[in-house]
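Predicted model, so just to flag it, every value in this text is computed and none were measured.
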Amino acid sequence: MTVTAARRAWLTDLPVLLVAVVWGSSYLAAKGVTTSGTVLAVLVLRFAVVLPVLVATGWRRLRAMSGAQMRGAGTLGLILAAIFVMETYGVVHTSATNAGLIISLTMIFTPLAESRIRGTRLSPAFLAAAGLSVLGVVLLTQGAGFSRPSLGDLLMLGAAVARTVHVLAMSRMRSVEGADAMSLTTVQLGASVLVFAVLCAAPGTGATPWAAAAAFGAGDWAWLLYLSVFCTLFAFFVQMWAVRRTSPSRVSLLLGTEPVWAAVTGIALAGDRPGWAGLLGVLLILAGTAWGRTAPAGTEPPPATPAPAGPGLEPAAPASNRRAARNHRPVADPPARRASRGPHATAVP
């Protein structure tokens, strides 16, 4: 690689690495602006800032979407809404470090789930990587002494499972085939905001968006705008720009450093103190997810007569898509490129 080519690669990689940094810090930002009584209100406000920009930018492509694509994207938006709700409530009830590391288990859960769907055998190396990550989560959540995992830890684990469902649904739904990435993201976020607004209207679900906004101080607005502008808009557009200048695999590799930055910001800025057992858990999670990203996923089953696909499903994704799925971020990832990966949207943590 020439010096000029290396410089160009670095100039492309740097913004993508910044996306991983802001995603890793998004758990701390969400914790800074959200309380247990304002989760839904904050979600409405966060994405209400983003949606007009996405609609205005991609209006022509939005109008070109078919009815089936709209309905498929809306269905994916319902799953995305569940991810955001669990993630945000989870962040309120656990540390930023725990949140960012537990959610990274999506990279392990996705190929595990897909292997069951496809009937493939996972490689021993991948199973070892998965076991390492799970052991790391146990140590991380029990760093201060063995006890029940907190409600927040369990919610983040549920969000990781929901992200896996979102990844597999996006990769297998025929209705969203060929949909433009920006349009798909916009409709999903629109459906999510509608869900949040409906839940806000129900009694006992906390403050309304306007009541929460009226009570915000300057610091709260700074956190909210950070989540909206940097963790959502900036992240989405950088991904769109980067995959056109480099490979999706290179982008995914850089975005996969998000758990590292979640741990760094949680420990350095939020004062998280996971203890020695917890720190060992951090290292095991990072090692396990890194190993899982590079280990061969497994072997294909013997040839068999294919069963007819169910309504709205396409045949199982090829192995290249399976590897991409492990790296998916819920908002901005086009299904054609990533199997894809959540505020955090789709790649929005």
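Remark: W59 engages no residue in a ring pair (Phe, Tyr, Trp, His ring centres under 6.0 Å) (not counting sequence neighbours). Partners of D272 according to the side chain to side chain donor-acceptor pair (under 3.5 Å) rule, which considers only residues two or more places apart in sequence or in another chain, are T97. With sequence neighbours excluded, the residues forming a ring pair (Phe, Tyr, Trp, His ring centres under 6.0 Å) with Y226 are F230, listed by chain and number. Scored by the side chain to side chain donor-acceptor pair (under 3.5 Å) test, W261 finds T257 as partners (sequence neighbours excluded).
By the criterion of side-chain heavy atoms lying less than 4.5 angstrom apart, applied directly or through intervening Ile, Leu, Val, Met, Phe, Trp or Tyr residues, L225 is not grouped with F234; the two fall into different hydrophobic clusters. Residues L194 and F47 do not share a hydrophobic cluster, clusters being chains of Ile/Leu/Val/Met/Phe/Trp/Tyr side chains in contact below 4.5 Å.
The aromatic rings of W221 and F216 stand perpendicular to each other, their planes meeting at an angle above 60°, with 30° marking the opposite boundary.
The shortest distance between side-chain heavy atoms of L286 and P259 falls below 4.5 Å. Taking the side chain as every heavy atom from C-beta outward, Q69 and S183 never approach each other to under 4.5 Å. You'll find the side chain of L151 reaches within 4.5 Å of the side chain of L155, heavy atoms only. Between L168 and E114, the closest side-chain pair of non-hydrogen atoms falls below 4.5 Å. Side-chain contact between F237 and M182 is present, with at least one heavy-atom pair separated by less than 4.5 Å. Taking the side chain as every heavy atom from C-beta outward, P111 and F126 approach each other to under 4.5 Å. The side-chain heavy atoms of L227 and T232, taken from C-beta on, include no pair separated by under 4.5 Å. Between R163 and F109 the shortest side-chain heavy-atom distance does not fall below 4.5 Å.
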| message | Between L28 and L269, is the side chain to side chain contact (heavy atoms under 4.5 Å, CB included) condition met? List the steps. | response | CA-CA 8 Å; L28 179 60; L269 301 181; 3.7 Å; yes

**OP:** Could you walk me through whether Y27 and I103 pass side chain to side chain contact (heavy atoms under 4.5 Å, CB included), step by step?
**Re:** CA-CA 10 Å; Y27 303 99; I103 201 67; 3.0 Å; yes

Practice problem: Decide side chain to side chain contact (heavy atoms under 4.5 Å, CB included) for E258 and V21; before the verdict, give the C-alpha distance in whole Å, the side-chain angles of both, and the deciding distance to 0.1 Å. | Solution: CA-CA 6 Å; E258 177 197 343; V21 173; over 6 Å; no

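Taken to the nearest 0.5 Å, the CE atom of M107 stands 10.5 Å off from the OG1 atom of T164.
Closest approach of L132 and A287 over heavy atoms only: CD2-CB, 4.1 Å. Between S150 and H93, the closest heavy-atom pair is OG-O, 3.6 Å. Taking all atoms of both residues into account, the shortest heavy-atom contact from G74 to V187 is N-CG1, 3.9 Å. S26 approaches C231 most closely through the heavy-atom pair CB-SG, 3.6 Å. The minimum heavy-atom distance linking S36 with Y89 is given by the pair O-CE2, 3.7 Å.
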Throw together a table of side-chain donor-acceptor distances under 3.5 angstrom for residues 38-45, partners on residues two or more places apart or in other chains.
from : atom 1 : to  : atom 2 : distance (Å)
T38  : OG1    : T35 : N      : 2.9
T38  : OG1    : T35 : O      : 3.4
T38  : OG1    : T35 : OG1    : 3.1

Donor-acceptor pairs under 3.5 Å, side chain of residues 201-213 to any protein atom, not counting sequence neighbours: which ones?
from : atom 1 : to   : atom 2 : distance (Å)
T205 : OG1    : L199 : O      : 2.7
T205 : OG1    : C200 : O      : 3.4
T205 : OG1    : A202 : O      : 2.7
T208 : OG1    : W210 : NE1    : 3.1
T208 : OG1    : A211 : N      : 3.2

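Checking V137, T94, I285 one by one against I102, the side-chain contact (heavy atoms from CB on, under 4.5 Å) holds for a single residue, V137.
Residues S115 and R121 bring no donor and acceptor atom of their side chains to less than 3.5 Å of each other.
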